[in-house]
Amino acid sequence: MAWHRKYWDAVEHFYWEPSHLGLASINQGRWGDDPKLIQLPRSLIKNGGTIYTRAGTSKSNRIRVRGLEETLNHTFDITFAIAPDAVLAEILCRPLGILDAGPFQSIGREVSERYGWGDANVTQQDGFFVSPTSALGVELKLGATTSPIQVLKYLALMVLEEKHSGPKEQLGLLYVTPAKTSDEVFKQCGADATGLM
């Protein structure tokens with residue numbers, strides 16, 4: 001089975017076994033006696049008070065999840081985390097004029113720990129890669145528009161990375177987008193046609 005199918009197999013597994021994600025089940029014996037209502041003691045609802053239930057079938061969930069930007073980001077992240085440095089240098093660095101053979105490190109959700117944010121979910125970058133001499137952000141925009149905030153997110157990550165591991169000779173932000181011209185993306189980011197803000 002191809003590796004990306006293994007990812008979807010794992011997503012399907014978590015649909016059927018949500019307890020593996022830390023979600024607790026509440027068996028019917030605790031629902032109360034009313035035949036039309038489910039009544040639960042408040043003590044069963046922890047960490048924010050949210051109750052989840054499956055909203056559709058496994059098949060409808062599979063279709064919905066495959067259309068989410070987050071799952072595209074996961075696939076992108078895994079792909080480039082296991083790709084050889086030469087692939088990152090060619091596909092991600094070269095379009096920005098960054099000449100760097102690596103070694104590259106893909107930084108994902110561990111940014112909170114790396115930069116000392118604790119458990120805070122401060123940012124969800126699509127791709128962030130660092131080497132001894134470079135820091136590169138990758139933003140996937142296949143359907144949604146972008147904003148100056150997203151540019152600032154990557155700039156903040158680059159500043160924090162330099163603080164963490166030392167100055168970088170090359171910094172870059174690559175947008176993967178269906179926009180017909182870069183002017184469209186620059187305008188959404190609050191920049192002019194040259195990319196300057």
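Worth knowing before you read on, the calculation uses all heavy atoms, side chains too, and leaves out hydrogens, waters and symmetry mates. As the structure is a prediction and not an experimental result, all values here were calculated from the model.
Note that the CG atom of Leu155 and the CG atom of Leu171 stand 8.5 Å from one another [nearest 0.5 Å]. A distance of 11.0 Å separates CG of Leu152 from CG of Leu157, quoted to the nearest 0.5 Å. Remark: Lys6 NZ to Ile78 CD1 distance equals 13.0 Å, nearest 0.5 Å. Summarising the geometry, atom SG belonging to Cys93 is positioned 3.5 Å from atom CZ belonging to Phe104; distances are rounded to the nearest 0.5 Å. The line from OG of Ser165 to CD of Gln105 is 8.5 Å long, rounded to the nearest 0.5 Å. Residue Phe76 holds its CZ atom at 5.0 Å from CG of Leu140, rounded to the nearest 0.5 Å.
Of all heavy-atom pairs spanning Ala101 and Ala89, the tightest one is CA-CB, 4.5 Å. Closest heavy-atom contact between Phe129 and Leu92: CE1-CD1, 3.6 Å. The shortest non-hydrogen separation linking Ile98 to Gln170 is CA-OE1, 3.4 Å. Of all heavy-atom pairs spanning Val130 and Ile107, the tightest one is CG2-CD1, 3.9 Å. Between Pro103 and Pro132, the shortest heavy-atom distance links the atoms O-CD, 3.5 Å. The two residues Leu174 and Ile91 have their closest heavy-atom pair at CD2-O, 4.2 Å.
Donor-acceptor pairing under 3.5 Å is recorded for the side chains of Ser58 and Glu12. Gln125 and Tyr154 share no side-chain donor-acceptor pair at under 3.5 Å.
Ser60 contributes no side-chain N or O that, together with a main-chain N or O of Gly56, makes up a donor-acceptor pair within less than 3.5 Å. Side-chain atoms of Gln39 never come within 3.5 Å of backbone atoms of Trp31 as a donor-acceptor pair (strictly under, hydrogens ignored). Side-chain atoms of Thr71 never come within 3.5 Å of backbone atoms of Gly67 as a donor-acceptor pair (strictly under, hydrogens ignored). One N or O on the side chain of Glu110 and one on the backbone of Gly108 form a donor-acceptor pair closer than 3.5 Å. Of the possible polar contacts, one joining the Lys168 side chain to the Ser131 backbone as a donor-acceptor pair under 3.5 Å is found.
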Worked verdict on Gln150 versus Tyr175 for side chain to side chain contact (heavy atoms under 4.5 Å, CB included): CA-CA 11 Å; Gln150 289 177 314; Tyr175 267 82; 4.1 Å; yes
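Residue pairs that meet the salt bridge (Lys or Arg N to Asp or Glu O under 4.0 Å) test with at least one member in residues 70-95, sequence neighbours left out, are Glu90-Arg94.
A heavy-atom distance below 4.5 Å is found between the side chains of Met158 and Phe128.
By the criterion of side-chain heavy atoms lying less than 4.5 angstrom apart, applied directly or through intervening Ile, Leu, Val, Met, Phe, Trp or Tyr residues, Val159 is not grouped with Leu136; the two fall into different hydrophobic clusters. Cluster annotation: Val138 is not connected to Leu99 through the hydrophobic network of ILVMFWY side chains, with a link wherever side-chain heavy atoms come within less than 4.5 Å.
Within the cation-pi definition used here (under 6.0 Å to the ring centroid, within 45° of the axis), Arg62 does not qualify as a partner of Tyr15.
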